[in-house]
Amino acid sequence: MPTEQQKVRFLKSVYFGVSDNPVDDVNPFQNIEEFSVALVGEMRWGVDSGVRERSKLRFAFNYNAVLKQFQIELPIEDIFSNLRDDLSNGDVVNIWVQLANFNN
Amino acid sequence: MYRQIILLFLVVSLKCAMSQEAGADSIKTFSLFQNGDSFVDLKFIDPEKGSFGVDFKLDFKRSLTTSRDDFKNLYFGLSSNGYVTVKDDQNPVNSIISELKLQAFPFMRVAPRKTVYADVKHWKNFIEDSTESKRNEELINESRKLAEKVSSPFYLFLNVHAKHETTQQFNSHDFAFGIQLSFTTSFLNSLLDFPFSLVRYGKNNNARHLDVSMGYDYVTDMQNTGLATLLEGESAINRLNFKCEWETGILSGRDRLILLLDSYHFLDPSQNLKQAGKHWNTFFMAKIEHILNQDLRTNSRTKVSIKYTNGELPPNFVVGHVLGAGFSVEF
């Protein structure tokens, strides 16, 4: 039975990869350790507040779609609403793992 | 005649993200409130003279409906952001913008060609392996490739809004009612990114969607704004707005180039407005950021940047040209 830590590690790796999207790159970090401790607000969402919001929404759609490929359900609303600038990327993943449905 | 004056100066500053007891010359910041993207910070600009300011952003939303993607894409929002100081002349920003809006977020998006990939391994396969770091790397690479495949190349957004723009004294302000259409796209990435890809040797440091907004505002109650004397008695005016922002990687994996353009155009401007060159106002920013160092033990990042700005922002459209360099430590 996978542990919660294993699920966290899985979601974090997918978060890192999806945010490093070759056609919509918002991830400035070189490795997952740096990425984990950095704040969501430090990702490259944009300068203008409207731009930042739209970038987060696109990421939420992509993350939801990629997780579906791995048989994991995590609603777009839950992804987007927890992308808070004051949280670390690691903290956000800890929230998502409680909301996600890991299908067998 | 449009006057081009470039002020060259070098600014070296140390910025603290959290409140710390620092040297007497730095701005000390204390967080009074933080919830999501909303915050209120108290900043001590000149402690010896008791001068301080409040930097704030407040953002509230209420969803109204749900899209077929099971995402609540229509919402009503109220926001306000600005920077207020005890002494007006110490306020470098001197702008408070509050907005009420109804937004379709998104209004529509182009679906990717394929949404299901049967050859993707079940999540359990990535967990049930003793070689953790190898599996992590494989999973990250797989996620990157899938993200590119499932990404929509085009999103469209629409909002209707009422906005109040003012300086902190509230004696220079206006109201704007209007509509804004925004789109983001990756269709132009190859073209825009081509010159920067030639000078990029870092891996996985690519472009973001181009973000474009176009809007119309009916701006009224313009008494005492910087433009009021040029309006020849008119208290209201029609204004078009065009904004564009884009970002990509250059050089190493730690370097980013940010480009931002914000332009306002007044329809049917008065002769005085045209002669003063205020009927078309543009703000442009080009910035290069480099992450110099990251310390995982203290969770701090050291950045250097070079920024060039040129132009004006509402409500007073005061011209400024700045070329500067900055150094910051974030922790």
Side-chain angles (χ1 to χ4, degrees), chain A residues 2 6-7 9-10 13-30 32-34 37-39 41-42 44-55 57-58 60-72 75-77 80-81 84-86 88 102-104, chain B residues 34 36-37 39 57 69-72 81 105-106 109 112 115-117 120-124 126-127 132 136 139-144 146-148 150-153 155 157 182 184 186 189 204-209 211 213 243 245 247 249 253-254 256 258 260 262 285 291 294 296 299 301 330:
Chain A
Q6 287 175 321
K7 292 180 180 178
R9 201 161 48 240
F10 182 92
S13 298
V14 177
Y15 180 13
F16 186 93
V18 173
S19 59
D20 220 19
N21 187 346
V23 295
D24 197 7
D25 192 344
V26 295
N27 184 348
F29 301 103
Q30 299 303 298
I32 205 163
E33 289 75 28
E34 291 180 358
V37 298
L39 297 178
E42 293 179 82
R44 308 303 308 196
W45 307 113
V47 176
D48 179 81
S49 59
V51 173
R52 292 176 68 81
E53 221 181 13
R54 292 188 282 275
S55 293
L57 179 70
R58 294 195 308 275
F61 271 89
N62 294 339
Y63 194 55
N64 166 271
V66 168
L67 287 178
K68 276 184 184 169
Q69 311 304 318
F70 294 112
Q71 308 302 315
I72 298 171
I76 298 169
E77 183 66 40
F80 178 72
S81 64
R84 289 167 38 183
D85 285 351
D86 59 323
S88 72
F102 286 73
N103 296 315
N104 289 314
Chain B
Q34 175 97 52
D37 292 336
F39 68 87
K57 180 187 171 193
D69 292 306
D70 199 25
F71 176 71
K72 295 169 184 169
N81 67 85
F105 187 75
R109 67 184 193 117
T115 57
V116 178
Y117 294 86
V120 178
K121 294 178 186 174
H122 193 278
W123 62 271
K124 284 185 178 177
F126 291 95
I127 286 177
E132 186 182 295
N136 272 355
L139 180 56
I140 290 170
N141 289 333
E142 179 80 0
S143 299
R144 276 196 196 103
L146 283 171
E148 185 173 5
V150 304
S151 289
S152 167
Y155 285 75
F157 304 84
S182 305
T184 75
S186 59
N189 274 8
N204 300 320
N205 189 18
N206 299 297
R208 200 181 61 221
H209 268 214
D211 192 300
S213 292
K243 284 187 200 177
E245 187 177 322
E247 179 176 326
R254 295 181 173 273
R256 298 289 285 185
I258 304 116
L260 186 154
D262 192 353
M285 181 187 83
I291 300 177
Q294 172 141 351
L296 292 178
N299 188 23
R301 278 156 291 285
E330 297 172 2

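The shown structure was predicted, so the numbers you read here are calculated from the model rather than taken from an experiment. A note on names: the letters A, B, ... follow the listed sequences, proteins ahead of strands, and every chain is numbered from 1.
For B:P153, no part lies under 4.5 angstrom from a heavy atom of chain A. Only the side chain of A:F29 has a heavy atom closer than 4.5 Å to any heavy atom of chain B. Heavy atoms of A:Q30 lying under 4.5 Å from chain B belong exclusively to its side chain. Contacts of A:R58 with chain B are made by both backbone and side-chain atoms, with heavy-atom separations under 4.5 Å. Neither the backbone nor the side chain of A:N64 comes within less than 4.5 Å of any heavy atom in chain B. Contact of B:L146 with chain A is made through backbone and side chain together, with heavy-atom distances under 4.5 Å. Of the two parts of A:V26, only the side chain, counted from C-beta on, holds a non-hydrogen atom closer than 4.5 Å to a non-hydrogen atom of chain B. Only the side chain of A:I32 comes within less than 4.5 Å of a heavy atom in chain B; its backbone stays farther off. Both the backbone and the side chain of B:E148 have a heavy atom closer than 4.5 Å to some heavy atom of chain A.
When each of B:S152, B:G249, B:P106 is checked for heavy-atom pairs under 4.5 Å with chain A, B:P106 comes out on top. Of the residues considered (B:E142, B:M285, B:H209), B:H209 shows the highest number of contacts with chain A, using heavy-atom pairs under 4.5 Å. Interface check for chain B: of the options A:L57, A:L67, A:V66, the most heavy-atom pairs under 4.5 Å are formed by A:L57. Options B:S186, B:S151, B:S182, B:G253 differ in how many heavy-atom pairs under 4.5 Å they form with chain A, and the most are formed by B:S151. Counting heavy-atom pairs under 4.5 Å between each of B:N81, B:V150, B:L139, B:N189 and chain A puts B:L139 at the top.
The OG atom of A:S55 sits 10.5 Å away from atom OH of B:Y155, with the distance rounded to the nearest 0.5 Å. Separating the CZ atom in B:F157 from the OG atom in B:S213 is a distance of 9.0 Å, to the nearest 0.5 Å. Here A:R44 contributes atom CZ and A:R52 contributes atom CZ; the two are 9.0 Å apart, rounded to the nearest 0.5 Å. To the nearest 0.5 Å, atoms CG (A:L39) and CG (A:D85) are separated by 8.0 Å. Atom CZ of B:R208 is separated from atom CG of A:N21 by 12.5 Å, given to the nearest 0.5 angstrom.
In this structure A:D20 satisfies the side chain to side chain contact (heavy atoms under 4.5 Å, CB included) test together with A:F16, A:D25, A:N27, B:R144, B:N204, sequence neighbours excluded. In this structure, the side chain to side chain contact (heavy atoms under 4.5 Å, CB included) partners of A:E53, at least two apart in sequence or on a different chain, are A:F80, B:K61, B:Y75, B:K101, B:Q103, B:F105.
Taking both residues in full, the closest heavy atoms of A:N103 and B:W123 are given as O-NE1, 2.8 Å, listed atom of the first, atom of the second, then distance.
Ion pairing of B:R254 with A:E34 is present here, as a side-chain N (NZ or NE/NH1/NH2) and a carboxylate O approach within less than 4.0 Å.
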